[in-house]
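Since the structure comes first, as structure tokens, the remarks are kept for the end.
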Amino acid sequence: MSSKTAVLKERIIKQVLTVFAFSSILFLFLIFAFILVEGLPLFYKAGVNSIIFGMKWAPTKGFFGIFPMIVSSFLVTFGALIIGAPLGLGCAVYLAEYAGKRQKMFLKPALELLAGIPSVVYGFLGVLYIVPFIRNFVGGSGFSLLATSIVLGVMILPTVISISYDALMSVPRSYREGALAMGSTKWQTTWRVVIPSGKSGILASCILGMGRAVGETMAVIMVAGNALKIPGSVLDPLRTLTSNIALELSYASGDHRMGLFSTGVVLLSIIMVLNYFANVVIRRKVIK
Amino acid sequence: MRVNPRFTDALVRHFLNLQAYFTVGLLVVIVFIIFIKGISNCSLSFMLTYPEDMGRHGGIFPAIMGTVFLAALSIVFATPLGLGTAIYLTEYTRESRLTTIIRFGVESLAGIPSIIYGLFGFIFFVIKLGMGWSLLSGALTMTIMILPTIIRTSEEAIKAVPRNLRIVSHSLGATKWETTVKVVLPSAAPGILTGIMLSIGRAVGETAAVIFTMGSSLRLPASLMDSGRTMAVHFYILAREGISMEKAYATALVLVVSILAINILAYYTMNRVIAKYS
């Protein structure tokens, strides 16, 4: 092959790869464009306030209020965090600071496998074990904020564990050695030196865990009870933004379908804000 | 009163140890329940026969094939795109504003929840492009969803290939592309394979994005334009509509065992890469 065609070939390959690399941007743009195009018109038609702060969802009768679902989405997300974050952070600290090499080789993959269990399976086991447990021993129907928070709390564990583990591992060894040399115990070192240094990554892991919880759908549908009200207690059923979409998309048409895309617009906004914060938190550390 | 720090240290160690094993215990319990409840209804004939009466009787053969088709197609679409992106980011360009934008795109795609992919795939592929509920709509939606995983893992794998290999290849007169294909990619192959396997696992377990794009027909899809059902969707419908708990557990068993097998294989492959370079 002459060198001229070789150069040409290289150039073509580079062009093709550039196009490939931009496909992610294109897909992101398409996703936003289509969700917005389908979801925004209703905000004009029905009014932003009556959708975001509306209490009544009866899309076939012209009521598109999703306020209870927004509140419910936040409630289950915080519930998941309350249950998942301490447990996940504990696991991450144990893995990063305490576990021996052998133990780590077994624990780390086992914890990562939790991420592989499909969300429908979590939901199914939630319905068969957690919901009846709450019904029998705590009260209510069992389909509740509490059940949803427990299931989601378990589901965000892999996210919280793996990201805060990476954050702890990126704390320089010399920090630990310095603290230990001053006579601190392992825990004093971890608590006063390692955790504060890995703080931003730990925070990011919780924010990303929230993103996971707010976006989870199938497991939530199965255990939340899907009632269209703001739950008055942890034992009340609720419906999140995601489950609203998934429950009705298969049969909705016209304005009703648009209402589901409006729900999607709100959900997408919440997710983007959470991802933005996670990024800011991580980047701040890099600059420092 | 001041507590002895050594005592606190020992206490915390045990407490954290307990947390870690409790969490692993959750995984064990989940797998154990599915196994115990599913094994009695799960046989080779369950996997190889067609369902009858909405899945109340018979097997899950079309759902298994639907899962295989969906995963295979999305991998076929996503691998060239994802690998190409990773090669571009690592070999063909320097860190710049452009790569920041591309990385932002990849990160954002990774953060978008599956139901949004379902909404998008439904309106774009199913409705606007007129593909209907079909294997193709499902696979294209899934392609976008697994793209970030493939890009990230491939990028990591390519970055881990020692620089010397590239320099030697260039000095022997190889072009950048020849170096990439003949030197870099073979060394990075196990890492790239890990990403592909993780993506397969993702496609196999996904429900929300698949049910609104591929539909839920119980027939074996005969073409790209046919609707079909994956195991995850079949399991969801069996459980949610209360069609048959026995069949639901048995389906869950096949589903969970396949996903665990794929993920364990992925982990094993990755560990071999780490062992090779360290």
- Message: What residues of residues 255-265 of chain B make heavy-atom contacts with chain A at a cutoff under 4.5 angstrom?
- Response: B/L255, B/V256, B/I259, B/L260, B/N263, B/I264

- Task: Write out, in numerical order, the residues from residues 243-252 of chain B with a heavy atom short of 4.5 Å from a heavy atom in chain A.
- Result: B/M245, B/A248, B/Y249

Could you check which of [options] has the highest count of heavy-atom pairs closer than 4.5 Å to chain A?
options: B/P148, B/S108, B/A10; answer: B/S108
options: B/T180, B/N17, B/I33, B/I102; answer: B/N17
options: B/E91, B/R202, B/R240; answer: B/R240
options: B/L11, B/I144, B/V204; answer: B/I144
options: B/L147, B/I87, B/I30; answer: B/I30
options: B/T8, B/V31, B/I112; answer: B/I112

- Message: Please tell me whether B/Y92 and B/Y88 form a close aromatic pair, meaning their ring centres lie under 6.0 Å apart.
- Response: no

How far does [atom1] of [X] sit from [atom2] of [Y], to the nearest 0.5 angstrom?
X: A/T77; Y: A/I270; atom1: OG1; atom2: CD1; value: 8.0 Å
X: B/Y236; Y: A/S119; atom1: OH; atom2: OG; value: 10.0 Å
X: A/E10; Y: B/T175; atom1: CD; atom2: OG1; value: 4.0 Å
X: B/I211; Y: A/L249; atom1: CD1; atom2: CG; value: 10.0 Å
X: B/E107; Y: B/T100; atom1: CD; atom2: OG1; value: 12.0 Å
X: A/L241; Y: A/S269; atom1: CG; atom2: OG; value: 10.0 Å

- Message: Before you tell me yes or no, could you show the steps for A/K9 and B/E178 under salt bridge (Lys or Arg N to Asp or Glu O under 4.0 Å), namely the whole-Å CA-CA distance, both residues' side-chain angles and the distance that decides it to 0.1 Å?
- Response: CA-CA 11 Å; A/K9 192 181 156 202; B/E178 284 166 345; 5.3 Å; no

Pick one of side chain, backbone, both or neither for [X], based on which atoms fall under 4.5 Å of a heavy atom in chain B.
X: A/T217; result: side chain
X: A/L113; result: both
X: A/L87; result: both
X: A/M272; result: side chain
X: A/I31; result: both
X: A/I221; result: both
X: A/F29; result: neither
X: A/L128; result: side chain
X: A/V154; result: side chain

Side chains of [X] and [Y]: donor-acceptor distance under 3.5 Å anywhere?
X: B/E155; Y: B/T90; result: no
X: A/N244; Y: A/R239; result: yes
X: A/Y98; Y: A/Q103; result: no
X: B/E206; Y: B/S114; result: yes
X: A/E112; Y: A/S162; result: no
X: B/S137; Y: B/T213; result: no

- Task: Take A/W187 and B/R13 through the side chain to side chain contact (heavy atoms under 4.5 Å, CB included) test and state the conclusion after the steps.
- Result: CA-CA 8 Å; A/W187 175 241; B/R13 174 190 290 269; over 6 Å; no

- Task: Classify the ring geometry between A/F261 and B/F122 as parallel (under 30°), tilted (30 to 60°) or perpendicular (over 60°).
- Result: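 Taking B/F122 first and then A/F261, their aromatic rings lie parallel (interplane angle under 30°).
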
- Using the six-membered ring wherever Trp is involved, compare the ring planes of B/Y21 and A/F106 and label them parallel, tilted or perpendicular (cut-offs 30° and 60°). parallel

With only heavy atoms counted, which part of [X] is less than 4.5 Å from chain A, the side chain, the backbone, both or neither?
X: B/L198; result: neither
X: B/Y267; result: side chain
X: B/L89; result: neither
X: B/F15; result: neither
X: B/L140; result: neither
X: B/V24; result: both

- Query: Can you find a pair of side-chain heavy atoms, one from A/T159 and one from A/S205, that are under 4.5 Å apart?
  - Reply: no

- Task: Please tell me if the side chains of B/M142 and B/I146 come closer than 4.5 Å, counting only heavy atoms from C-beta onward.
- Result: yes

